[in-house]
Colleague: 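One structure, as structure tokens, below. Some questions next.
Reckoned from all heavy atoms, side chains included, excluding hydrogens, waters and symmetry mates.
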Amino acid sequence: MAGLLLAGCGSKATESDSANAESCVDTSGSTIKVGSLNSLSGTMAISEVTVRDAIALAVEEINAAGGVMGKQIQVVGEDGASEPTVFAEKAEKLISSDCVAAVFGGWTSSSRKAMLPVFESANSLLYYPVQYEGLESSKNIFYTGATTNQQIVPALDYLKEKGVKSLYLVGSDYVFPQTANRIIKAYAGANGIEIKGEDYTPLGSTDFSTIVNKVRTADADAVFNTLNGDSNVAFFREYKNVGLTPQDMPVVSVSIAEEEVGGIGVQNITGQLTAWNYYQTIDTPVNKAFVEAYKKKYGADKPTSDPMEAAYVSVYLWKNTVEKAKSFEVSAIQENAGGVTFDAPEGLVTIDGENNHITKTARIGEIRPDGLIYTIWESPGPIEPDPYLKSYPWAAGLSG
């Protein structure tokens with residue numbers, strides 16, 4: 001059949017010959033399938049449902065404007081259920097059974113790392129929309145969230161400028177927090193910042209009495225928080241219960257956005273800080289249009305946030321790359337991705353063809369009583385992605 005990239009989809013391949021893996025993507029009709037793979041159940045659902053919704057909004061807008069190369073996008077949705085093994089299984093299904101041209105989704109680094117060999121062996125594409133710990137790149141993954149030098153390092157620079165001399169590290173017990181904290185400790189060692197404690201708790205944990213008491217007695221200048229999912233609800237409630245305040249010991253979070261603020265309770269987190277690349281309150285015409293469209297579709301009380309904005313952006317970057325390549329084929333997309341841009345709600349973003357990451361503007365935000373996050377510092381312009389931190393002498397050896 002003309003336009004049918006013949007079957008064999010999902011067959012295992014080595015990294016060296018993955019580029020030759022056959023695809024079952026059907027380009028012969030008036031539609032093209034893509035996958036949306038997010039946790040719609042489990043501890044990560046508090047964060048990932050909005051990512052699913054943002055992907056759907058982008059697809060709806062693109063279809064209304066004529067689609068991609070004249071084809072309407074058809075979304076096949078799956079639930080990763082907050083389990084890395086389920087993400088890998090569902091990715092395999094989307095590629096080999098549903099024959100999607102690309103997959104959008106994932107949140108935790110554990111889920112991404114579980115999916116990575118699936119996409120590489122099948123030579124398919126994942127667009128991953130969440131900030132992560134860096135030290136990774138794959139020709140089969142486009143990273144549209146921040147890498148370390150676009151979020152964590154600017155947050156540390158900000159704290160250092162504000163006179164912070166000591167930190168307490170709190171995180172969920174999996175890849176992202178552990179690796180992020182290795183990077184934070186390397187930065188701290190090179191910049192005269194003392195690490196007063198480091199604690200991890202399993203995803204989904206709700207008992208923070210011991211950890212928060214350790215934080216309180218350590219008397220650090222600030223807490224760097226890499227907790228994910230609904231553990232943040234319990235952490236910040238306990239933080240407030242023991243009398244810790246943003247004025248006494250601010251918490252900088254890298255996985256709490258507008259959506260999570262509501263779940264935590266704004267009264268428990270007002271005044272605390274976040275490090276992201278996008279906030280709903282960015283005052284530009286592009287962002288105002290995006291916020292209006294999202295609220296019109298999902299409800300006036302539904303906030304926009306960094307990961308879902310990055311997911312929305314990822315669909316447009318895929319579209320723009322397909323149209324530049326004039327092809328849905330993976331190899332053509334890979335070859336043409338470098339330099340592809342999108343005027344995003346966060347600002348202009350550009351794909352770096354060397355590492356499949358994108359340029360991002362770093363922003364430090366403060367959570368206000370209205371539940372929104374307001375920029376209190378931002379980088380002068382988009383920061384080039386440096387996932388392996390090659391431009392930072394203190395990071396030498398981290399990627400080993």
Colleague: Kindly indicate, with the supporting measurements, whether the criterion side chain to side chain donor-acceptor pair (under 3.5 Å) is fulfilled by Tyr143 and Asn355.
Modeller: CA-CA 9 Å; Tyr143 305 77; Asn355 54 43; over 6 Å; no

Colleague: For His357, which of Tyr127, Tyr128, Tyr132 qualifies under ring pair (Phe, Tyr, Trp, His ring centres under 6.0 Å)?
Modeller: Tyr132

Colleague: With heavy-atom distances below 4.5 Å as the criterion, would you say the side chains of Thr321 and Val340 are in contact?
Modeller: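 Sidechains of Val340 and Thr321: in contact.
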
Colleague: Do Leu348 and Phe142 sit in the same hydrophobic cluster, where Ile, Leu, Val, Met, Phe, Trp and Tyr count as joined when their side-chain heavy atoms come under 4.5 Å apart?
Modeller: no

Colleague: So, for Ser205 and Ser231, which heavy atoms are closest and what is the spacing to 0.1 Å?
Modeller: O-OG, 3.0 Å

Colleague: So, do Val103 and Val34 sit near enough that their side-chain heavy atoms are less than 4.5 Å apart?
Modeller: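 Counting from C-beta outward, Val103 and Val34 never come under 4.5 Å.
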
Colleague: Linking I/L/V/M/F/W/Y whenever their side-chain heavy atoms sit closer than 4.5 Å, directly or via other members, would Ile195 and Trp394 fall into one cluster?
Modeller: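 They do share one cluster, since a chain of ILVMFWY contacts under 4.5 Å joins Ile195 to Trp394.
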
Colleague: Above 12 or not: heavy atoms from other molecules or residues under 6.0 Å from CD of Glu292?
Modeller: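 Counting other residues, nucleotides and ligands, CD of Glu292 stays at 12 neighbours or fewer.
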
Colleague: State the CG-CG distance between Leu203 and Asp230, to the nearest 0.5 angstrom.
Modeller: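 Atom-to-atom, Leu203:CG and Asp230:CG are 9.0 Å apart.
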
Colleague: Would you name the heavy atoms of Val86 and Ala81 that are closest together and state the gap between them?
Modeller: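 Nearest pair, atom of Val86 first, then Ala81: CG1-CB, 4.3 Å.
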
Colleague: Which heavy atom of Glu133 sits nearest to which heavy atom of Ala180, and what is that distance?
Modeller: CB-N, 4.0 Å

Colleague: Main chain of Ile264, side chain of Asn268: is a donor-acceptor contact present, judged purely on distance under 3.5 Å?
Modeller: yes

Colleague: Looking only at heavy atoms, what is the nearest atom pair of Leu227 and Ser255, with distance?
Modeller: O-CB, 3.5 Å

Colleague: Please check if any side-chain donor atom of Ser36 sits under 3.5 Å from a side-chain acceptor atom of Asn38, or the reverse.
Modeller: yes

Colleague: Working note: Tyr374 + Tyr279, criterion ring pair (Phe, Tyr, Trp, His ring centres under 6.0 Å); need CA distance, chi angles, decisive distance, verdict.
Modeller: CA-CA 7 Å; Tyr374 292 81; Tyr279 300 118; 8.9 Å; no

Colleague: So which atom in Gln150 and which in Gly145 form the shortest heavy-atom distance, rounded to 0.1 Å?
Modeller: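 Heavy atoms only, the tightest pair is OE1-O, 4.3 Å.
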
Colleague: For the pair Asn149 (side chain) and Glu384 (backbone), establish whether a donor and an acceptor sit closer than 3.5 Å, ignoring hydrogens and angles.
Modeller: yes

Colleague: Run Trp276 and Tyr278 through ring pair (Phe, Tyr, Trp, His ring centres under 6.0 Å) and show every step you take.
Modeller: CA-CA 6 Å; Trp276 288 109; Tyr278 169 85; 9.7 Å; no

Colleague: Do the side chains of Phe104 and Tyr312 get nearer than 4.5 Å, heavy atoms only?
Modeller: no

Colleague: Can you give the donor-acceptor pairs under 3.5 Å from side chains of residues 168-178 to other protein atoms, not counting sequence neighbours?
Modeller:
unit_1, atom_1, unit_2, atom_2, d
Tyr168, OH, Asp199, OD2, 2.4
Ser172, OG, Asn228, N, 2.9
Asp173, OD1, Gln178, NE2, 2.5
Tyr174, OH, Asn228, ND2, 3.1

Colleague: Under 3.5 Å, is there a donor-acceptor pair between the side chain of Tyr388 and the main chain of Ser137?
Modeller: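 Checking the backbone N and O of Ser137 against the side chain of Tyr388, a donor-acceptor pair under 3.5 Å is found.
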
Colleague: Assess whether a salt bridge exists between Lys319 and Glu323, defined as any Lys/Arg side-chain N lying under 4.0 Å from an Asp/Glu carboxylate O.
Modeller: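 Yes, Lys319 and Glu323 are salt-bridged.
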
Colleague: Under 3.5 Å, is there a donor-acceptor pair linking the side chains of Ser41 and Asp79?
Modeller: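 Per modelled atom types, Ser41 and Asp79 side chains form a pair under 3.5 Å.
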
Colleague: Exactly one of Ile269, Thr274, Thr270 should register a side chain to side chain contact (heavy atoms under 4.5 Å, CB included) with Gln272. Which one does?
Modeller: Ile269

Colleague: Should we say atom NZ of Lys196 is surrounded by more than 12 heavy atoms from elsewhere, each under 6.0 Å from it?
Modeller: yes

Colleague: Drop me the distance from Phe235's CZ to Asp207's CG, to the nearest 0.5 angstrom.
Modeller: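 Those atoms lie 13.0 Å apart.
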
Colleague: If you compare all heavy atoms of Arg216 against all heavy atoms of Val242, which two are closest, and at what distance to 0.1 Å?
Modeller: CD-O, 3.9 Å

Colleague: Is there side-chain contact between Ser124 and Asn140, with at least one heavy-atom pair below 4.5 Å?
Modeller: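 Heavy-atom side-chain distance check fails, nothing below 4.5 Å.
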
Colleague: Check the side chains of Asp386 and Ser391 for a donor-acceptor pair under 3.5 angstrom, ignoring hydrogens and angles.
Modeller: yes

Colleague: Return yes if some donor-acceptor pair links the side-chain N/O of Glu309 with the main-chain N/O of Glu346 below 3.5 Å, else return no.
Modeller: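 Confirmed, Glu309 side chain pairs with Glu346 backbone.
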
Colleague: Between Glu78 and Lys93, does at least one N-O distance fall below 4.0 Å, as a salt bridge requires?
Modeller: yes

Colleague: Side-chain heavy atoms nearer than 4.5 Å, only ILVMFWY residues, links allowed to pass through others: does that put Val313 and Ile141 together?
Modeller: yes

Colleague: Check whether Lys295 reaches the backbone of Ala300 with its side chain - one donor and one acceptor, N or O, closer than 3.5 Å.
Modeller: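 Yes; judged by distance alone, with no hydrogens or angles, the pair exists.
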
Colleague: Between Asp352 and Gly338 (side chain of the first, backbone of the second, donor and acceptor by atom type, cut-off under 3.5 Å), is there such a pair?
Modeller: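 It does not hold such a pair.
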
Colleague: Any donor and acceptor pair, going by atom type alone, linking the side chain of Lys324 with main-chain N or O of Asn336 inside 3.5 Å?
Modeller: yes

Colleague: Using only atom types and a distance under 3.5 Å, with no angle test, would you say the side chain of Asn241 pairs donor to acceptor with the backbone of Arg237?
Modeller: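 At least one qualifying donor-acceptor pair exists.
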
Colleague: Show your reasoning for whether salt bridge (charged side-chain N to carboxylate O under 4.0 Å, His left out) applies to Asp283 and Lys288.
Modeller: CA-CA 7 Å; Asp283 188 12; Lys288 287 178 179 177; 2.9 Å; yes

Colleague: Are Thr245 and Asp248 close enough that a side-chain donor and a side-chain acceptor fall under 3.5 Å?
Modeller: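 Yes - a donor-acceptor pair under 3.5 Å links their side chains.
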
Colleague: How many angstroms lie between atom CG of Leu389 and atom OG1 of Thr147, to the nearest 0.5 angstrom?
Modeller: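 Answer rounded to 0.5 Å: 6.5 Å.
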
Colleague: Let me confirm one number: the CG-OG distance from Asn356 to Ser138, rounded to the nearest 0.5 Å.
Modeller: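 That separation rounds to 7.5 Å.
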
Colleague: Is the shortest side-chain N to carboxylate O distance from Arg368 to Glu366 below 4.0 Å?
Modeller: yes

Colleague: Listed by chain and number, what are the salt bridge (charged side-chain N to carboxylate O under 4.0 Å, His left out) partners of Glu60, not counting sequence neighbours?
Modeller: Lys297

Colleague: Assess, by modelled atom type and distance only, whether the side chains of Gln280 and Glu258 contain a donor and an acceptor separated by less than 3.5 Å.
Modeller: no

Colleague: Drop me the distance from Lys139's NZ to Glu354's CD, to the nearest 0.5 angstrom.
Modeller: 14.5 Å

Colleague: Examine distances only and state if a side-chain atom of Glu48 and a backbone atom of Ala45 form a donor-acceptor pair shorter than 3.5 Å.
Modeller: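 Side chain of Glu48 to backbone of Ala45, a donor-acceptor pair under 3.5 Å: no, none is there.
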
Colleague: Is the ring pair Tyr158/Trp377 parallel, tilted or perpendicular, if the boundaries are 30 and 60 degrees?
Modeller: tilted

Colleague: Could you state the interatomic distance from CD1 (Ile373) to CG (Leu273), rounded to the nearest 0.5 Å?
Modeller: 10.0 Å

Colleague: Has Tyr298 got a side-chain atom pairing as donor or acceptor with Asp53's backbone, closer than 3.5 angstrom?
Modeller: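 Side chain of Tyr298 to backbone of Asp53: a pair is present.
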
Colleague: Are Val75 and Tyr294 grouped together when hydrophobic residues (ILVMFWY) are joined by side-chain heavy atoms under 4.5 angstrom apart?
Modeller: yes

Colleague: Treat each ILVMFWY residue as a node, draw an edge where side-chain heavy atoms are under 4.5 Å apart, and state whether Val25 and Ile62 are in one component.
Modeller: yes

Colleague: For the residue pair Ile358 and Leu317, establish whether any side-chain heavy-atom pair is separated by less than 4.5 Å.
Modeller: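 Of all side-chain heavy-atom pairs linking Leu317 with Ile358, at least one is under 4.5 Å.
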
Colleague: Check the side chains of Ser253 and Asn225 for a donor-acceptor pair under 3.5 angstrom, ignoring hydrogens and angles.
Modeller: yes

Colleague: Do the charged groups of Lys113 and Glu136 touch, with an N to O distance under 4.0 Å?
Modeller: yes

Colleague: So, Thr217 versus Asp219: side-chain donor-acceptor pair below 3.5 Å or not?
Modeller: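 Thr217 vs Asp219: no donor-acceptor pair found between side chains.
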
